[in-house]
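One structure below.
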Amino acid sequence: MMSKITPRNDNVMMGLFAVAVLTMPIWLMPIGASYPDLMQKFAIFGIFAIGFNILFGLTGYLSFGHAAFLGVGSYTAVWSFKLLSMNVLPAVVFAVLVAGAFSFLIGFISLRRSGIYFSILTLAFAQMSYNLAYSVLTPITNGETGLQLAKSDPRVVDALFVEAGAGIPSTNFFGIAMSGYGGFYFCAILLIVGFYLSLRITRSPFGMMLKAIKSNQNRMSYTGLNTRPYALTAFVISGMYAGLAGSLLAVTDPLAGAERMQWTASGEVVLMTILGGVGTLIGPVLGAGIIKYFENIFSAFNESILTSIFSFLPDGLQDVVVSVVGLFVGEGWHLTLGLLFMIIVIYLPGGLVEGAQRIRTYATKKREKKSAASHQPQIAE
Amino acid sequence: MTVFAGSVKTDRLWGLILSDVLTGSLGVFAADLTNAFFGWSVMDTLALQLLNGLDKGGAYALIALGLTLIFGTLGVVNFAHGALFMLGAFCAVSVQKLLTISVKVKDESITFFEAYKEVPYLETWFGETGTVIIDYSVPISILLAIPVMLVIGLAMERGLIQRFYKRTHAEQILVTFGLAIVIQELVKANFGANPIPTPAPEIVAGSASIGDWLGLGSAVVYPWWRLIYLAFAAVVILGVFSFLQFTTFGMVVRAGMQDRETVGLLGIDIQRRFSVVFGLAAVVAGLAGVMYTPILPPDYHMGMDFLVLSFVVVVVGGMGSLGGAVAAGFLLGILQSFASMNEVKSILPGIDQIIIYLVAVVILLVRPRGLLGRKGVMEN
């Protein structure tokens with residue numbers, strides 16, 4: 001896949017990706033992940049991670065505050081549901097625009113510094129937004145309770161066309177309900193579009209410029225080029241991706257809470273990107289899917305399930321194993337996440353994609369060796 | 001201040017200024033000005049907020065000092081430093097738990113039915129002395145925390161950090177971030193998610209009447225333990241500085257911070273000393289945590305809360321500048337404390353939540369090197 005970059009290969013990859021995403025309900029069936037709620041998460045966090053990768057993967061700027069944009073996107077979307085219409089289109093559009101504007105503001109300031117300073121600045125901004133969302137901005141964010149829909153919301157646009165029914169209306173895309181499979185396909189199509197855009201960005205001269213910033217910013221400056229506008233554009237684009245992901249979270253489940261902006265959430269998207277492979281195209285989506293899948297599986301375990309799993313062991317041993325394994329599942333899922341984080345960064349900084357490549361090179365080398373070995377006698381003849 | 005004053009207050013203010021200008025007494029003017037804003041004895045409030053800020057700042061300064069030491073010597077950005085602070089606090093919790101391991105004995109005072117009460121072993125063994133020992137669990141845990149934190153620090157450095165000297169800062173941040181999560185979750189699994197109260201010794205549980213000492217009236221009182229924390233922080237900071245300044249070991253470390261290669265060429269194993277410095281930084285963070293437990297009952301995520309702020313402190317103080325870290329720690333602590341006064345909050349709602357970040361942003365943009373940062377150290 002990565003071997004040769006030609007337009008044709010890209011198109012093939014794009015096609016494969018689209019097919020893989022759209023047929024997720026089928027091929028995820030055997031591992032028990034083919035229900036819409038989870039697949040929506042795959043798609044949404046895939047988008048989030050793709051966007052994050054445009055910044056971190058291409059320019060090398062490690063932002064620790066991307067969750068802020070996710071949160072802003074969610075809040076905007078829910079406000080659009082409340083004020084305008086339950087149609088998801090304006091919600092998504094507004095969320096992307098607002099998140100873009102917000103990230104422009106933060107990026108404009110943060111990008112004046114690079115390296116660790118940049119990370120700390122973005123972290124500071126995200127914490128600031130989080131704290132504000134909890135305290136002063138309560139009229140907008142509804143503080144700890146989180147922003148929710150209410151029956152008394154105006155919904156100006158909707159009110160023009162339809163009579164308000166009983167109860168809170170649900171989100172829709174021109175009549176298609178956004179819960180269940182409808183929501184999944186909506187997210188999936190946006191994921192494919194997002195992936196395509198990131199592919200085009202990576203291959204474009206602009207993408208080359210971003211990679212140049214990563215490899216040697218000083219040299220870029222020496223050639224008389226101002227790198228900041230490029231980095232800022234990348235920052236805003238990735239902020240918009242995050243806003244899109246945030247709005248999709250609200251689309252599939254119309255509420256928004258401040259905890260989405262916490263810095264552990266920012267850390268999670270970093271982990272997704274790294275797990276899959278920083279700077280690769282498919283890596284972030286892969287990482288997001290894997291983490292969300294295991295989060296789902298692992299969190300569901302509890303002591304009684306574990307006890308039944310390990311019931312084949314002798315009693316004393318069973319207790320020990322259950323208590324040890326119990327550390328890592330259920331409530332302790334974050335422990336697994338932290339360990340995974342460390343292991344990946346220590347042993348496989350290039351993520352799973354790099355791991356696959358290593359295995360492939362190892363295999364090819366072995367094959368070559370074998371063929372070389374089998375050729376040897378012929379030479380001897 | 002005048003910029004933010006409401007219209008009513010502004011009118012009153014101008015009236016005051018006018019009258020004061022007429023009478024020409026500046027001192028009265030100042031008192032009137034402050035009275036116009038706060039209504040009651042301002043000196044008291046200011047003194048209290050200053051103290052509040054100082055002891056919070058003390059914690060920031062101690063953590064930031066460790067962060068800066070690690071960064072200055074090993075060049076590693078340690079996101080797990082908050083976790084070390086938290087581990088220190090949980091040393092105190094463990095000591096308290098250990099000391100109060102109890103045995104069930106029959107309660108003699110209740111004669112109607114068989115009643116049992118839990119009596120700590122220490123009390124059954126030593127009587128009154130045992131009670132006193134339990135009462136002093138926090139100071140005692142300092143003795144435990146020093147070796148424990150040193151071992152943890154050294155193990156962390158040898159086991160993990162040393163693999164990351166040559167890797168990028170981003171990777172250092174990520175791996176230590178992962179480690180912080182792991183430590184935090186392990187503590188949560190062992191001690192539960194709720195804050196665990198660890199009281200200070202009885203004798204210093206009350207408040208000191210600092211108002212009397214400073215001549216501010218007896219209305220001004222301040223918790224003893226916070227004063228002790230402040231003094232403790234000052235002692236530890238002075239200790240670290242004099243260790244670096246007046247011992248041969250410290251001299252070598254400082255030389256290594258300046259120019260690692262040259263020190264290495266002189267035949268000194270600088271690496272080993274830097275590892276010890278990492279251990280020292282862990283001890284400082286741990287002690288800060290131990291002493292902080294009576295002020296804030298420790299829970300598993302206290303480290304993260306302090307870490308973010310401490311990083312901001314380091315950046316404001318200047319990356320790699322020890323004095324800067326300490327100064328910025330106290331400065332930001334005081335700023336935060338003043339920002340959380342109701343009088344300030346009524347003018348600028350929410351300012352207490354964001355003041356530190358705001359200051360950091362302004363400092364980074366105006367003076368990227370930080371307050372006392374050296375030239376050429378991580379300037380971009």
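Note that this is a predicted model, so its numbers are computed, not measured. Chain identifiers are assigned alphabetically (A, B, ...) following the order of the sequence lines, protein sequences preceding nucleic acid strands; residue numbering begins at 1 within each chain.
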>> Suppose a student defines contact as a heavy atom less than 4.5 Å from any heavy atom of chain A. Which residues in residues 182-189 of chain B would they list?
In response: B:Val182, B:Glu185, B:Leu186, B:Lys188, B:Ala189

>> With chain A as the partner, which of B:Thr176, B:Leu179, B:Leu358 has the greatest number of non-hydrogen pairs under 4.5 Å?
In response: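 It is B:Leu179.
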
>> I'd like to know which of B:Thr168, B:Ile356, B:Leu160, B:Ile173 tops the heavy-atom pair count under 4.5 Å against chain A.
In response: B:Ile173

>> Is A:Ile120 in contact with chain B via its backbone, its side chain, both, or neither, using a 4.5 Å heavy-atom distance?
In response: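 Just its side chain gets close to chain B.
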
>> If you define the side chain from C-beta out and look only at heavy atoms, does anything of A:Pro349 sit under 4.5 Å from B:Arg167?
In response: yes

>> Between B:Phe79 and A:Leu123, is there a side-chain heavy-atom distance shorter than 4.5 Å?
In response: yes

> When only heavy atoms count and the cut-off is under 4.5 Å, which of residues 265-277 of chain A reach chain B?
Replying inline: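 When heavy atoms of chain B are the reference, residues 265-277 of chain A contributes A:Gly267, A:Val270, A:Ile274 within the under-4.5 Å range.
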
> Does anything in residues 339-347 of chain A get under 4.5 Å of chain B by heavy atoms, and if so which residues?
Replying inline: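 Answer by number: A:Leu339, A:Phe341, A:Met342, A:Val345, A:Ile346, A:Tyr347.
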
> More than 12 non-hydrogen atoms from neighbouring residues, nucleotides or ligands closer than 6.0 Å to CZ on B:Phe191, yes or no?
Replying inline: yes

> Are more than 12 heavy atoms from other residues, nucleotides or ligands located less than 6.0 Å from atom CZ of B:Arg367?
Replying inline: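 For B:Arg367, atom CZ is crowded (more than 12 foreign heavy atoms under 6.0 Å).
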
I'd like to verify something: which residue of [options] has the highest number of heavy-atom pairs under 4.5 Å with chain B?
| options | answer |
| --- | --- |
| A:Met128, A:Arg112, A:Gln127 | A:Met128 |
| A:Phe118, A:Phe56, A:Phe64, A:Tyr134 | A:Phe64 |
| A:Ser110, A:Ala124, A:Gly60 | A:Ala124 |

> So B:Ile181 and A:Leu335, side-chain contact (heavy atoms from CB on, under 4.5 Å) or not? Walk me through it.
Replying inline: CA-CA 7 Å; B:Ile181 297 178; A:Leu335 180 59; over 6 Å; no

>> The criterion is salt bridge (charged side-chain N to carboxylate O under 4.0 Å, His left out); which residues satisfy it with B:Arg163, sequence neighbours excluded?
In response: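 Once residues adjacent in sequence are excluded, B:Arg163 has no partner under the salt bridge (charged side-chain N to carboxylate O under 4.0 Å, His left out) criterion.
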
